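Okay, so here's the structure we're looking at.
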Amino acid sequence: MATFDPRPRKPIVAGNWKMFKTEAEAEVLIGQLLQRLDPLIEGIEIVLCPPFTDLPLVGKLIDGSKWHLGAQNIHWERQGAFTGEISPSMLVGLGCRYVIVGHSERRAYFGESDETVNRKVKAALAAGLRPILCVGETLAEREQGRTEAVVERQLSGGLDGIDQLSGVDLVAAYEPVWAIGTGVPCGAGEAERVSGFIREVLGRLLGDGTAEEIRIQYGGSVKPGNIAQFTSRPGIDGALVGGASLEADSFATLIREALG
Ligand code: PEP
């Protein structure tokens with residue numbers, strides 16, 4: 001007999017380590033996480049996104065677990081004279097399953113545009129990587145009442161030309177820029193409202209069936225103590241976590257709280 005699954009999408013929590021953790025520090029963190037979290041955890045997908053330099057080691061340390069490896073950036077070309085860049089096949093070769101694309105720090109500090117984000121999303125999908133596409137408004141944009149317009153532009157630009165897609169292969173992250181690293185998260189009701197808008201736009205771009213399959217994370221000052229306010233909402237399918245993913249106790253607690 002089929003059982004009723006109240007959650008149509010498997011929750012996904014990703015830790016974005018940003019530019020933190022040397023290899024030695026990564027080894028300690030993964031060792032502690034493996035002690036605190038079930039490596040064969042069910043009911044939630046865990047993705048660790050360390051800096052490029054830690055990917056081989058972290059990949060080796062979590063081998064045999066159900067946790068996934070993700071990168072924080074990608075280049076769209078397969079190879080070539082692109083000093084300092086990393087290609088999709090290089091990430092695949094290191095065991096990456098996910099890649100963060102269009103994080104607001106990359107848009108703000110490294111000139112990423114909707115067009116380059118779009119190239120990266122396409123390149124990731126073509127290589128078999130699942131993009132975690134970040135969208136979100138700045139404080140000024142929110143105050144001008146432009147949240148929906150900004151998010152819609154980032155989604156339609158980032159997904160331009162993509163029409164054939166399995167929903168599980170794309171994750172969207174609603175990350176209001178003003179909530180990232182500030183300790184001031186978005187209210188859960190507002191995060192769910194914008195996530196609903198994101199799903200509506202995804203439906204227009206990719207079809208309603210695909211949009212229903214896509215996981216939409218919330219990101220911005222998620223911590224143990226507040227993650228459940230987001231993940232308990234049916235329209236929010238997990239979290240993209242920066243600061244609180246850098247410490248084993250907080251990340252493990254946060255995952256347990258997300259599981260409910
Ligand atoms: C992020 O970097 O995507 C993020 C959400 O950071 P923090 O959790 O530290 O706000």
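The structure presented is a predicted model; accordingly, all values stated were derived computationally and were not measured. One-based numbering, in listed order, for ligands and for the atoms of each.
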- Message: Any nitrogen or oxygen of Leu240, side chain or backbone, less than 3.5 Å from one on ligand 1?
- Response: no

- Query: When only distance counts, is Thr182 in polar contact with ligand 1, meaning an N/O pair under 3.5 Å?
  - Reply: no

- Are the charged groups of Arg193 and Glu148 less than 4.0 angstrom apart, N to O? yes

- Item | salt_bridge(Arg130, Asp169) N-O dist < 4.0 Å | yes

- Message: Is there a salt bridge (Lys or Arg N to Asp or Glu O under 4.0 Å) between Glu190 and Arg142? Walk through the geometry before answering.
- Response: CA-CA 12 Å; Glu190 174 62 4; Arg142 170 161 283 263; 2.9 Å; yes

Within ligand 1, which atoms have a heavy atom of [X] less than 4.0 Å away?
X      : answer
Gly181 : 7 (P), 9 (O), 10 (O)
Gly220 : 5 (C), 10 (O)
Asn16  : 1 (C), 2 (O), 3 (O)

- Item | Residue of the set Arg199, Lys10, Arg215 for which salt bridge (Lys or Arg N to Asp or Glu O under 4.0 Å) holds with Asp237 | Arg199

Quick test: of every protein heavy atom, which one is nearest to [atom], and how far off is it to 0.1 Å?
atom                   : answer
atom 5 (C) of ligand 1 : Glu175 OE2, 3.1 Å
atom 8 (O) of ligand 1 : Gly242 N, 2.8 Å
atom 9 (O) of ligand 1 : Gly243 N, 2.9 Å
atom 1 (C) of ligand 1 : His103 NE2, 3.2 Å

Is there a donor in the side chain of [X] and an acceptor in the side chain of [Y], or the other way round, less than 3.5 Å apart?
X      : Y      : result
Glu45  : Trp67  : no
Thr138 : Glu141 : yes
Tyr218 : Gln229 : no

- Message: Heavy-atom contact check, 4.0 Å cutoff: does Lys223 meet ligand 1?
- Response: no

- Query: Does ligand 1 have an atom that lies less than 4.0 angstrom from a heavy atom of Ala244?
  - Reply: no

- Query: Which bit of Ile180 gets closer than 4.0 Å to ligand 1, counting heavy atoms only: side chain, backbone, both or neither?
  - Reply: both

- Return the orientation label for the His68 and Tyr98 ring planes: parallel under 30°, perpendicular over 60°, tilted otherwise. perpendicular

